[in-house]
Amino acid sequence: MKRLLALLFFVANPLHAVDLTLTSPLDYQVVQRSSPGRGLLRIAGELSEDVPADAAVQVRLVNNDKPTTWTQVNSVKGRKVIASYEAPAGGWLKMEVQVVHGGKQLALGSVAHVGIGEVFVIAGQSNSANHGQEKQTTKTQRVASFDGKAWRIANDPQPGASGGGGSFVPAFADAVAAKENVPVGIIACGIGATSVREWLPKGATFPNPPTLVSRVEQLPNGQWASKGAAYEAFSPPHTPSPRDVQCQLDPPHSKSNFLVVSSRAARRMCFMVCSH
């Protein structure tokens with residue numbers, strides 16, 4: 001009798017709930033907007049079991065408990081859920097993803113905090129590397145930092161940088177968030193006591209060495225060259241070309257302590273606070 005009841009239940013409910021684990025975007029992740037009002041969310045996840053091949057993936061955003069309508073973005077590939085969704089700038093937003101078939105929901109996953117705004121990679125020496133005396137906190141709570149695996153609200157110390165103290169990041173990012181009215185993402189990778197020369201791409205040459213020479217090498221002609229280790233810590237995983245990366249002192253030939261690196265491939269602006 002129990003076997004009969006189980007069989008009847010399966011026949012009546014052939015499409016039961018399936019677990020959906022989302023791996024992208026992450027909670028508190030900020031996605032760089034591609035225009036002042038829009039940005040592209042890249043969605044990835046995996047289902048706990050197979051679903052019909054023609055099942056559809058739908059996405060919606062929830063802002064202040066007000067959801068948008070479901071938008072179909074892709075179909076399921078095996079157990080993989082891979083899609084992209086153009087979203088309005090702003091946040092924090094809740095993102096919901098469902099897999100549907102025949103008008104029925106098979107799986108539902110969500111990310112509680114997603115932002116579409118501005119992303120900054122911050123590198124350099126002590127000023128960028130948590131060596132301030134006082135730890136700062138974000139006032140807007142619309143600033144998040146990435147440690148290579150997860151995002152979190154960007155209170156000091158910033159993950160990824162070398163020190164354990166305070167930084168300018170919360171105040172700087174709060175100002176950007178207030179001016180642009182979007183969340184701000186921070187990827188910090190500063191290393192204390194480094195100079196601009198250590199942050200240049202591998203093979204970039206200069207006449208004089210920095211104070212610490214572990215990240216540079218002397219060439220047979222007497223010139224010095226960067227080994228590229230610090231640069232590669234935050235640059236895209238490919239060999240840079242002049243079209244991809246432009247490095248310059250700001251302004252050229254000045255005694256400024258800032259190096260501006262513009263990466264077209266990653267569509268980002270990195271402010272490096274360094275000493276010569």
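Everything quoted here is computed from the prediction, not taken from an experiment.
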#### Entry: Stepwise side chain to side chain contact (heavy atoms under 4.5 Å, CB included) test for Glu118 and Lys179
CA-CA 11 Å; Glu118 291 297 309; Lys179 182 178 184 299; over 6 Å; no
### Task
Show the numbers, then the answer: is there a side chain to side chain contact (heavy atoms under 4.5 Å, CB included) between Trp224 and Val213?
CA-CA 10 Å; Trp224 291 81; Val213 296; 4.2 Å; yes
### Task
Starting from the C-alpha separation in whole Å, work towards a yes-or-no answer on side chain to side chain contact (heavy atoms under 4.5 Å, CB included) for Gln125 and Ile191.
CA-CA 5 Å; Gln125 43 84 285; Ile191 305 172; over 6 Å; no
### Task
List the steps and the verdict of side chain to side chain contact (heavy atoms under 4.5 Å, CB included) for Thr194 and Trp199.
CA-CA 8 Å; Thr194 52; Trp199 287 92; 2.9 Å; yes
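At least one donor-acceptor pair closer than 3.5 Å links the side chain of Asp174 to the backbone N or O of Lys139. Judged purely by atom type and a 3.5 angstrom limit, Glu134 has no side-chain atom pairing as donor or acceptor with the backbone of Gly132.
Sequence neighbours left out, the pairs with a member in residues 24-58 that pass ring-ring contact (aromatic ring centres under 6.0 Å, His included) are Tyr28-Trp92, Tyr28-His113. Residue pairs satisfying the side-chain hydrogen bond (donor to acceptor under 3.5 Å, both in side chains) criterion with at least one member in residues 183-193, sequence neighbours excluded, are absent. Among residues at least two apart or in separate chains, ring-ring contact (aromatic ring centres under 6.0 Å, His included) pairs with a member in residues 135-157 are Phe146-Trp151. For residues 181-194, the set of pairs meeting the salt bridge (Lys or Arg N to Asp or Glu O under 4.0 Å) definition, not counting sequence neighbours, is empty. The side-chain hydrogen bond (donor to acceptor under 3.5 Å, both in side chains) contacts involving residues 205-222 comprise Glu198-Arg215, where partners must be two or more places apart or lie in separate chains.
In terms of heavy-atom proximity, Val184 sits nearest to Ala177 at CG2-N, 3.8 Å.
The closest side-chain heavy-atom distance from Pro159 to Arg152 is below 4.5 Å. Contact check for Pro210 versus Val216: side-chain heavy atoms found under the 4.5 Å cut-off. Proximity of Val99 to Val18: side-chain heavy atoms (C-beta onward) are nowhere separated by under 4.5 Å. At a threshold of 4.5 Å between non-hydrogen side-chain atoms, the residues Gln29 and Val31 count as touching. No side-chain heavy atom of Val114 sits less than 4.5 Å from a side-chain heavy atom of Pro183. Side chains of Lys202 and Ser226 form no contact here, defined as non-hydrogen atoms less than 4.5 Å apart. Using a 4.5 Å heavy-atom threshold, the side chains of Ile116 and Val182 count as separate. Side-chain contact between Ile153 and Val143 is absent, with no heavy atoms from C-beta onward closer than 4.5 Å.
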Can you give each donor-acceptor pair under 3.5 Å made by side-chain atoms of residues 40-48, sequence neighbours left out, with the distance rounded to 0.1 Å?
unit_1	atom_1	unit_2	atom_2	d
Glu46	OE1	Lys80	NZ	3.3
Ser48	OG	Asp19	N	3.1

Using a 3.5 Å cut-off and no angle test, enumerate the donor-acceptor pairs between side-chain atoms of residues 62-78 and protein atoms at least two apart in sequence or in another chain.
unit_1	atom_1	unit_2	atom_2	d
Thr68	OG1	Leu61	N	3.0
Thr68	OG1	Leu61	O	3.4
Asn74	ND2	Ile82	O	2.5

Please report, to 0.1 Å, the donor-acceptor pairs under 3.5 Å made by any side chain of residues 160-168, with sequence neighbours excluded.
unit_1	atom_1	unit_2	atom_2	d
Ser162	OG	His131	NE2	3.2
Ser162	OG	Gly192	N	3.1
Ser167	OG	Asp156	OD1	2.7
Ser167	OG	Val169	N	3.1

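Residues passing the side-chain hydrogen bond (donor to acceptor under 3.5 Å, both in side chains) test with Gln58, sequence neighbours excluded: Gln98. With sequence neighbours excluded, the residues forming a salt bridge (Lys or Arg N to Asp or Glu O under 4.0 Å) with Lys94 are Glu96, listed by chain and number. In this view, Asn181 and Arg142 satisfy the side-chain hydrogen bond (donor to acceptor under 3.5 Å, both in side chains) rule, not counting sequence neighbours. Applying the side-chain contact (heavy atoms from CB on, under 4.5 Å) test to Asp50 and every residue at least two apart in sequence or in another chain returns Arg79.
In summary, Glu232 and Lys227 do not engage in a salt bridge, as defined by a charged side-chain N under 4.0 Å from a carboxylate O.
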